[in-house]
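First the structure, in the form of structure tokens, and then the observations on it.
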Amino acid sequence: MVKNSFISMISQEENKENRGSVEFQIFSFTNKIDRLTSHLQLHKKDYLSERGLLQILEKRHRLLAYLSKKTRVHYKEVKELIDQLDKTKTRVDYKQFKELIDQLEKKTR
């Protein structure tokens with residue numbers, strides 16, 4: 001009984017993060033891309049990981065295209081944030097990423 005209630009608490013916390021949102025998916029793909037690029041720098045002949053990286057890049061590209069069609073302003077904010085994080089080479093979790101997006105939205109309003 002205790003185990004089931006613990007699992008339900010975890011699933012409720014995960015739902016708060018809204019893992020199905022386009023922004024979260026773009027964020028998670030960006031983290032995967034960072035991990036795979038560092039992996040491929042060490043293992044240059046790992047062609048399966050390279051193929052997976054290309055697939056993830058294409059998925060992120062499609063999501064960014066969808067976001068640009070849906071809301072152009074929001075797309076620019078997410079793209080600027082991703083570029084800024086790439087330049088500084090910093091890793092953030094989703095909560096920090098969401099806070100940064102909210103700050104950018106407030107600036108544009």
Donor-acceptor pairs under 3.5 Å, side chain of residues 26-34 to any protein atom, not counting sequence neighbours: which ones?
{"residue": "S28", "atom": "OG", "partner": "F24", "partner atom": "O", "Å": "3.3"}
{"residue": "S28", "atom": "OG", "partner": "Q25", "partner atom": "O", "Å": "2.9"}
{"residue": "T30", "atom": "OG1", "partner": "I26", "partner atom": "O", "Å": "2.7"}
{"residue": "T30", "atom": "OG1", "partner": "R60", "partner atom": "NH1", "Å": "3.2"}

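In this structure, E99 has no side-chain contact (heavy atoms from CB on, under 4.5 Å) partners at least two apart in sequence or on a different chain. Taking H61 as the reference, nothing meets the side-chain hydrogen bond (donor to acceptor under 3.5 Å, both in side chains) condition, with sequence neighbours excluded.
For the atom pair CG of L81 and NZ of K76, the computed distance is 16.0 Å after rounding to the nearest 0.5 Å. Within the model, atoms NZ of K59 and CG of L64 stand 14.0 Å from one another, a figure rounded to the nearest 0.5 Å.
Sorted by first then second residue, the side chain to side chain donor-acceptor pair (under 3.5 Å) pairs that include residues 44-53, not counting sequence neighbours, are H39-D46, D46-S49.
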Audit row: L67, E23, side-chain contact (heavy atoms from CB on, under 4.5 Å) steps and yes/no: CA-CA 9 Å; L67 191 62; E23 295 86 4; 4.2 Å; yes

